[in-house]
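What you see below is based on every heavy atom in this structure, not just the backbone, and it leaves out hydrogens, waters and symmetry mates. The structure displayed is predicted, hence computed values, not measured ones. The first residue of the sequence shown is numbered 1, and numbering continues consecutively from there.
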Amino acid sequence: QVHLVESGGGLVQPGGSLRLSCAASGSISFRFAAVAWYRQAPGKQRELVATMLRYADSVKGRFTISRDNDKNTVYLQMNSLKSEDTAVYYCNVENGPISYWGQGTQVTVSS
């Protein structure tokens, strides 16, 4: 069984930066797993933010996804944050046909 814990969210002013972390533990070969970040704003569907291969158009040039396989951790560096980025951000890890989710971390961009 796999456990994912997101952290790093919080309140930030427009134009500011945050780095989200997602630590994975349990019976998973993390270095061989696909990773991604999603987000969900109030009243909206959960949307894909980034994989290791692509970004949502809304975050291109501002967000960067990375991973540290030695630490079993996925990161999302978020720069030039906008109010539209306000959402709960979720880490997703896929190992074969099974998909795992964290509980999410709140990001609020407001002056």
Side-chain angles (χ1 to χ4, degrees):
Q1 190 167 347
V2 175
H3 186 217
L4 304 179
V5 179
E6 297 100 336
S7 62
L11 175 64
V12 64
Q13 295 183 357
S17 298
L18 285 174
R19 188 179 74 159
L20 306 184
S21 298
C22 172
S25 62
S27 57
I28 186 172
S29 297
F30 183 83
R31 65 179 64 249
F32 300 113
V35 299
W37 285 96
Y38 289 75
R39 69 185 181 187
Q40 187 167 22
K44 296 185 177 181
Q45 297 290 320
R46 184 174 298 186
E47 65 173 342
L48 178 65
V49 176
T51 70
M52 294 301 298
L53 297 176
R54 63 182 289 267
Y55 294 87
D57 289 340
S58 58
V59 307
K60 285 181 180 178
R62 300 188 298 119
F63 290 11
T64 303
I65 186 174
S66 62
R67 65 192 298 170
D68 186 337
N69 291 332
D70 291 333
K71 296 182 178 180
N72 286 358
T73 301
V74 187
Y75 304 97
L76 185 68
Q77 179 66 47
M78 305 184 296
N79 299 325
S80 301
L81 283 162
K82 307 174 181 179
S83 60
E84 307 95 274
D85 297 317
T86 296
V88 178
Y89 284 72
Y90 298 90
C91 176
N92 172 250
V93 177
E94 293 187 358
N95 192 11
I98 304 176
S99 183
Y100 303 96
W101 296 88
Q103 293 187 345
T105 184
Q106 176 71 48
V107 172
T108 302
V109 185
S110 177
S111 60

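- Side-chain contact check for Met52 versus Ile65: some heavy-atom pair is nearer than 4.5 Å.
- Side-chain heavy atoms closer than 4.5 Å link hydrophobic residues (I, L, V, M, F, W, Y) into clusters, and following such links, even through other members, never connects Val107 to Val88.
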Exercise for the section: Could you give me the CA-CA distance, side-chain angles and deciding distance for Val59 and Met78, then say whether side chain to side chain contact (heavy atoms under 4.5 Å, CB included) is met? Expected result: CA-CA 9 Å; Val59 307; Met78 305 184 296; over 6 Å; no
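- When side chains are defined from C-beta on, Lys71 does not count as touching Ser21, because their heavy atoms never get closer than 4.5 Å.
- No continuous path of hydrophobic side-chain contacts links Tyr90 to Val49 [ILVMFWY only; heavy atoms under 4.5 Å].
- Once rounded to the nearest 0.5 Å, the distance linking OG of Ser25 with CD of Gln1 reads 9.5 Å.
- The two residues Leu76 and Ala50 make their nearest non-hydrogen contact at CD1-CB, 4.4 Å.
- Counting only heavy atoms from C-beta outward, the side chains of Asn69 and Phe32 never approach each other to under 4.5 Å.
- No side-chain heavy atom of Leu11 sits less than 4.5 Å from a side-chain heavy atom of Gln106.
- The OG atom of Ser17 sits 12.0 Å away from the CZ atom of Arg19 when rounded to the nearest 0.5 Å.
- The two atoms that bring Ser27 and Val2 nearest to each other are O-CG2, 3.9 Å, heavy atoms only.
- Atom CG of residue Leu4 and atom OG1 of residue Thr73 lie 10.0 Å apart, to the nearest 0.5 angstrom.
- Looking at every heavy atom in both residues, Ala41 comes nearest to Thr86 through CB-O, 3.6 Å.
- In the model, Asn92 has a side-chain atom that pairs as donor or acceptor with a side-chain atom of Ser99 under 3.5 Å.
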Exercise for the section: Take Tyr55 and Thr64, measure what side chain to side chain contact (heavy atoms under 4.5 Å, CB included) needs, and give me the verdict at the end. Expected result: CA-CA 8 Å; Tyr55 294 87; Thr64 303; 3.8 Å; yes
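- The aromatic rings of Phe63 and Tyr89 lie tilted to each other, with the angle between the two planes from 30° to 60°.
- Clustering ILVMFWY residues whenever any of their side-chain heavy atoms sit less than 4.5 angstrom apart, transitively, puts Leu20 in the very cluster that holds Phe30.
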Practice task
Using the side chain to side chain contact (heavy atoms under 4.5 Å, CB included) rule, take Arg62 and Asp85 through it: C-alpha gap first, then chi angles, then the decisive distance, then the call.
Solution key: CA-CA 11 Å; Arg62 300 188 298 119; Asp85 297 317; 2.8 Å; yes
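- Follow the hydrophobic side-chain contacts under 4.5 Å out from Val93 and you reach Ile98 in the same cluster.
- Rounding to the nearest 0.5 Å places OG of Ser110 at 8.5 Å from CD of Gln13.
- Counting heavy-atom neighbours within 6.0 Å of Gln40 CD, excluding the residue itself, gives a total above 12.
- Linking Ile, Leu, Val, Met, Phe, Trp and Tyr whenever their side-chain heavy atoms come within less than 4.5 Å leaves Val35 and Tyr38 in two separate clusters.
- Atom CG of Asn72 is separated from atom CZ of Arg31 by 8.0 Å, given to the nearest 0.5 angstrom.
- Between Lys60 and Asp57, at least one side-chain nitrogen of the basic residue sits less than 4.0 Å from a carboxylate oxygen of the acidic one, meeting the salt-bridge criterion.
- No donor-acceptor pair closer than 3.5 Å links the side chain of Gln103 to the backbone N or O of Glu6.
- The only member of Trp101, Tyr75, Trp37 that meets side chain to side chain contact (heavy atoms under 4.5 Å, CB included) when paired with Cys22 is Trp37.
- Across all non-hydrogen atoms, the minimal contact from Ser29 to Asn95 is N-ND2, 3.7 Å.
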